Number of protein chains: 2
Amino acid sequence: MRVNETRVNRAMGNTSCTCEYCQLKNIFFAHVKSDELTNICDLKVERSFSKGESIIQEGDPITEFVYMKKGLVKLSKATIDGKDQIISFSKPFDFVSLLSVFSSTQYKYSVTAIEQTTVCILQLDVVRKYAEENALFAMDMMSNISQMTDKIIHDSLEIKRKHLKGRIAHVLLYFSDYIYKKDEFELPISRREIAEYIGMTTENVIRTLSEFRKDEIIKIFGKDILIADKKRLKNISEFG
Amino acid sequence: MRVNETRVNRAMGNTSCTCEYCQLKNIFFAHVKSDELTNICDLKVERSFSKGESIIQEGDPITEFVYMKKGLVKLSKATIDGKDQIISFSKPFDFVSLLSVFSSTQYKYSVTAIEQTTVCILQLDVVRKYAEENALFAMDMMSNISQMTDKIIHDSLEIKRKHLKGRIAHVLLYFSDYIYKKDEFELPISRREIAEYIGMTTENVIRTLSEFRKDEIIKIFGKDILIADKKRLKNISEFG
DNA sequence: ATTACTCTCTGATAATTATCATAGCAGGTT
DNA sequence: AACCTGCTATGATAATTATCAGAGAGTAAT
């Protein structure tokens, strides 16, 4: 991680060992023995980031293994012409390091909190040691990587084949159905960031949202979105 | 794999054990002991496919582990409206199963030979057994998955941020620099397939290639392409 | 209070890309 | 031969999307 003046809790360390109830044990560490888990729990460092704070910076050496405990982050990459492209979003209990950790020594993307976020951090060599000694754990990691990249590739194909309206519908349904699981939610990102995700201009994102509002498919109150006609939105996402 | 009347060599099995010089030993099976490798070599089945033949069909149950020994394939996915989207291309010594094998029980994409292709096939449970018993091998697989998905995601972002001309330039440079490593080559895919890869219409692919020809950036003889001005092509790929 | 931001929003216009129509050509089939 | 079919190719036109310009609202800093 880059030295960042906005980063907080740098030295707070393991302030609250809540591993006891952490779902990671069942998901990711299912094949790690319980005494080793206690060890992992002691070694982990928990950190919090406010909305907008940088968690990982593109180019950072990969020395840590970061997983989402709470919140929401965006994975993004700077283009040659100084803009940003958003690759995907991650939520608990994704491992935001997984995309690069076994193919590179440096992060190829940045990770930024788009909601108040808590992550847990393990030293990479610790995780690597466990993986090298415990093939079942390594297999679980593989499954995790696969699921993560699978979703990224799938969404990328979906977005690619759709027109502007379909892409916006896709994004709204993504947050509504996949992230928040309700029809009314606060968009965690700006119109510009939506544009960076789906590869369109900010103006057209705004225009399309306005159009959906005029057509009474959604209601907009700033960042608050209410999906009023999900059936129509799904139809637009599929075929529009 | 689906029963396919075009598939050949179904029952040929291990007709030519050329494992002895296979590069896979150094790349993928580096941490598998040599006596186990002999076992793997005995269990593997080699199969050949002509250009156009289906190797894996979307929806097939994943029971085998397929790697590229020779040739070139496309990974593609059918869209809801009956078209195809090309995800990526794979060459020796990629593992074309890797994209799904640890995240799903069924293939989510099809694999089709776009050149005369030879693959080697291992039963998935054999590979899984080795991985479960040999964490270093599992780690090597992880690295392989990561590199493969990394490249897919990277290319997808590059294509997404470019305009039509830049995308065509990207594809030409992909085949020239990454696949064939020469300036003159035979395009292994049709204009329509290029369109399916970069998310444009066939007509515009053809038009853009014609434009490059008129601008003397490339020469075209049917499927044969000669890159005459690579510098300009690279410039278009980056900024056009 | 003023300045300087960024974000949201809208309209007018330009550029890009898709669609539709047409045609030549090659390969395969009957 | 005549008839498909798929691929390549080009032009005209329509649709989509980007760019440019401007404006209000909010927020932070001076």
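Residue numbers begin at 1 in each chain, while the letters A, B, ... track the order of the sequences. Since the structure is predicted, the reported quantities are computational estimates derived from the model, not experimental observations.
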Query raised in the report: Does any donor-acceptor pair link the side chain of A:R213 with the base of C:dT10 at a separation under 3.5 Å?
Result: no
Report task. Using a heavy-atom cut-off of under 4.0 Å over every strand shown, decide if A:R207 touches base, sugar-phosphate, or nothing. Result -> base
Query raised in the report: From the list C:dC7, C:dT19, D:dC7, which nucleotide is the closest neighbour of the side chain of B:T201?
Result: C:dT19
Requested in this report: Could you tell me the separation between the CG atom of B:L209 and the P atom of D:dC7, rounded to a whole number of Å?
Outcome: 15 Å
**Report entry** Check: C:dT17 base within 3.5 Å donor-acceptor of B:R167 side chain
**Finding:** no
Report task. Indicate whether OP1 or OP2 belonging to C:dA18 is found under 4.0 Å from a side-chain N or O atom of B:N204. Result -> yes
Query raised in the report: Given atom NZ of B:K214 and atom P of D:dA9, what is their separation to the nearest angstrom?
Result: 10 Å
Query - Euclidean distance, atom CG of residue B:L164 to atom P of C:dT19 [Å, nearest integer] - result: 13 Å
Requested in this report: Salt-bridge test for A:K162 and A:E238: reply yes if a basic N is under 4.0 Å from a carboxylate O, no otherwise.
Outcome: no
Query raised in the report: Rounded to whole angstroms, how far apart are NE2 on A:H163 and P on D:dT16?
Result: 7 Å
Query raised in the report: Could you give the CD1-to-C1' distance, from A:I218 to C:dT8, as a whole number of Å?
Result: 14 Å
Query raised in the report: In whole Å, what is the span from the CD1 atom of A:I194 to the P atom of C:dC7?
Result: 13 Å
Query - Nearest-angstrom distance from the residue atom CD1 of A:I189 to P of C:dC7 - result: 12 Å
**Report entry** Under 3.5 Å: donor-acceptor pair, side chain of B:S104, backbone of B:S100
**Finding:** no
Query raised in the report: Hey, is the side chain of A:R191 poking within less than 4.0 Å of OP1 or OP2 on C:dT8, counting only N and O atoms?
Result: yes
Query raised in the report: Can you tell me how far P of D:dG6 sits from CG of B:D84, to the nearest Å?
Result: 14 Å
Query raised in the report: Any donor-acceptor pair under 3.5 Å joining the side chain of A:E203 to the base of C:dC9?
Result: no
Query raised in the report: Any idea which heavy atoms bring B:E64 and B:S97 closest together, and the distance?
Result: O-OG, 3.7 Å
**Report entry** For B:Y180 against B:L72, the heavy-atom pair lying closest together
**Finding:** OH-CD2, 3.6 Å
Query raised in the report: Can you tell me how far the OG1 atom of B:T117 sits from the NZ atom of B:K74, to the nearest 0.5 Å?
Result: 12.0 Å
Query raised in the report: D:dT8 phosphate, OP1 or OP2: any side-chain N/O from B:K223 under 4.0 angstrom?
Result: yes
Query raised in the report: Side-chain N or O of A:S210 less than 4.0 angstrom from OP1 or OP2 on C:dT10?
Result: yes
